[in-house]
Structures are given as C-alpha cells and as structure tokens.
Engineer: 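My questions will all concern the structure given below.
Note that these values count all heavy atoms, side chains included, but never hydrogens, waters or copies made by symmetry.
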Amino acid sequence: MHRFLISTMAISVLILSAALAWATVEAPKELTLQPPASIKATKTFVAFPHAKHEAAKLDCKTCHHTWDSKADIMKCSSSGCHDQPGKKGENAYYTAFHFKKSDGSCLGCHKAMKKQGKNVPVACKQCHPKK
C-alpha cells in the first residue's frame with residue numbers, strides 16, 4: 001500500500017510538472033509574419049495579434065502542428081516546416097496561411113469562424129494592408 005501511494009504521488013507530480021511547463025509557454029503578444037529570406041514577398045507582411053488568439057483559447061497545436069509541448073516552438077518559416085516557395089504543397093509557405101480546407105491555416109480557420117458569424121478577417125487587404 002505504501003509503494004502504491006508513493007508511486008501515485010510521483011506520477012501526480014510528473015503530470016503536474018508537465019502541465020505547468022506547457023502552461024507557462026510565453027508567446028509574444030504581437031508579431032509580424034513574414035516569409036523566409038529565400039522567398040520573395042508579393043504582399044505586405046502581416047501583423048499577427050497573438051494575444052487575441054490566446055484570448056480565444058485556441059490550442060497552440062492547431063497552428064504549431066509539429067510542436068511536441070516540450071521543445072521550443074518553431075516559426076512557420078523555419079527550415080523543414082513551411083519554408084518552400086510556391087502556392088501548393090504541404091511545405092509551401094503560402095499554404096500555412098491560405099489553405100482554405102484546413103483549420104490549421106489562418107484563412108481556413110477564419111473562413112470557418114466567419115460561417116459561425118464571427119467578425120474575423122478573410123479578405124487579402126484585411127491582413128495585407130497597402131503600404
């Protein structure tokens with residue numbers, strides 16, 4: 001019985017530690033989304049209100065789909081993620097933000113929210129304002 005109690009307490013401490021580590025991820029409140037240096041931007045960079053997305057209680061893994069809750073969170077433009085040019089393909093930078101059939105992309109998620117009556121940007125110029 002004593003071993004069971006100690007084992008249960010040890011497992012509880014590990015679970016609590018993991019939960020606290022995940023909950024304490026510090027994300028920038030505002031950031032600018034821009035392509036990697038190897039990709040020429042055709043529109044203005046996007047001011048991304050990270051704090052609004054946190055306030056909406058979105059799961060970090062919706063956008064950061066390769067994150068394992070342990071390692072540092074990578075940018076979409078990081079090598080091996082969405083760092084390829086073009087508009088098609090899983091690793092295309094454009095796809096990460098504009099794939100309409102995926103709730104993991106900005107536009108896909110916003111279109112789904114718009115159908116629910118939420119006031120979210122879905123037009124190009126709403127995210128990419130003219131200079």
Engineer: Measure across His53 and Pro49 and return the closest heavy-atom pair with its distance rounded to 0.1 Å.
Structural biologist: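 What the structure gives for the nearest pair is ND1-O, 2.9 Å.
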Engineer: Could you measure the distance from the SG atom of Cys127 to the CG atom of Leu33? Nearest 0.5 Å is fine.
Structural biologist: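 Going from SG on Cys127 over to CG on Leu33, the span is 9.0 Å.
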Engineer: So does Pro129 get a backbone contact from the side chain of Thr44, meaning a donor-acceptor N/O pair under 3.5 Å?
Structural biologist: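 Confirmed, Thr44 side chain pairs with Pro129 backbone.
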Engineer: I'd like to know whether CG of Asp68 has more than 12 heavy-atom contacts from other residues, nucleotides or ligands below 6.0 angstrom.
Structural biologist: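 Buried by this count: over 12 neighbours within 6.0 Å.
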Engineer: Please say yes or no: joined through hydrophobic side-chain contacts below 4.5 Å, possibly via intermediate residues, are Phe99 and Tyr93 part of one cluster?
Structural biologist: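 No, Phe99 and Tyr93 fall in different hydrophobic clusters.
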Engineer: Would you find a donor on one side and an acceptor on the other, under 3.5 Å apart, between the side chain of His110 and the backbone of Pro121?
Structural biologist: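 Yes, the answer is positive, given that a donor and an acceptor are paired below the 3.5 Å cut-off.
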Engineer: Can you hop from Leu31 to Ile39 via hydrophobic side chains spaced under 4.5 Å?
Structural biologist: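 Leu31 and Ile39: one cluster.
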Engineer: Yes or no on side chain to side chain contact (heavy atoms under 4.5 Å, CB included) for His128 and Val46, after CA distance, side-chain angles and deciding distance?
Structural biologist: CA-CA 6 Å; His128 300 280; Val46 174; 3.3 Å; yes
Engineer: For atom NZ of Lys114, decide whether the heavy atoms of other residues, nucleotides or ligands shown that lie under 6.0 angstrom number more than 12.
Structural biologist: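 Yes, NZ of Lys114 has more than 12 neighbouring heavy atoms, counting only those of other groups under 6.0 Å.
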Engineer: Parallel, tilted or perpendicular: which fits the ring planes of His98 and Tyr94, with parallel below 30° and perpendicular above 60°?
Structural biologist: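 The arrangement is parallel - the two ring planes meet at less than 30°.
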Engineer: Please answer whether the main-chain N or O of Ser78 pairs with a side-chain N or O of His82 as donor and acceptor at a distance below 3.5 Å.
Structural biologist: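 Side chain of His82 to backbone of Ser78: no pair is present.
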Engineer: Nearest 0.5 angstrom please: Lys75 NZ to Gln34 CD, how far?
Structural biologist: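 One finds 7.0 Å between NZ of Lys75 and CD of Gln34.
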Engineer: Using the rule side chain to side chain contact (heavy atoms under 4.5 Å, CB included), only one of His50, Lys52, Lys57 pairs with Glu54; which is it?
Structural biologist: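 It is His50; the other options fail the test.
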Engineer: To the nearest 0.5 angstrom, please state how far the NE2 atom of His65 sits from the CG atom of Asp103.
Structural biologist: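 So the NE2 of His65 and the CG of Asp103 are separated by 13.0 Å.
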Engineer: Between OG of Ser77 and CD of Gln84, what distance do you get to the nearest 0.5 Å?
Structural biologist: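 Answer for the OG-CD pair, Ser77 versus Gln84, is 12.0 Å.
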Engineer: Does CD in Glu30 sit with more than 12 non-hydrogen atoms of other residues, nucleotides or ligands closer than 6.0 Å?
Structural biologist: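 It does: Glu30 CD has more than 12 such atoms within range.
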Engineer: Under a plain distance cut-off of 3.5 Å, with no hydrogens placed, do Lys61 and Ser69 share a side-chain donor-acceptor pair?
Structural biologist: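 Yes, a side-chain donor-acceptor pair sits under 3.5 Å.
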Engineer: To the closest 0.5 Å, what do you measure between NZ (Lys130) and SG (Cys124)?
Structural biologist: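 That separation rounds to 9.5 Å.
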Engineer: Quick check for you: to the nearest 0.5 Å, what is the distance between Thr95 atom OG1 and Lys101 atom NZ?
Structural biologist: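 Output value for this atom pair is 12.5 Å.
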Engineer: Does the pair Ser105 and Phe97 meet the rule for a side chain to side chain contact (heavy atoms under 4.5 Å, CB included), with working shown?
Structural biologist: CA-CA 5 Å; Ser105 83; Phe97 305 100; 5.8 Å; no
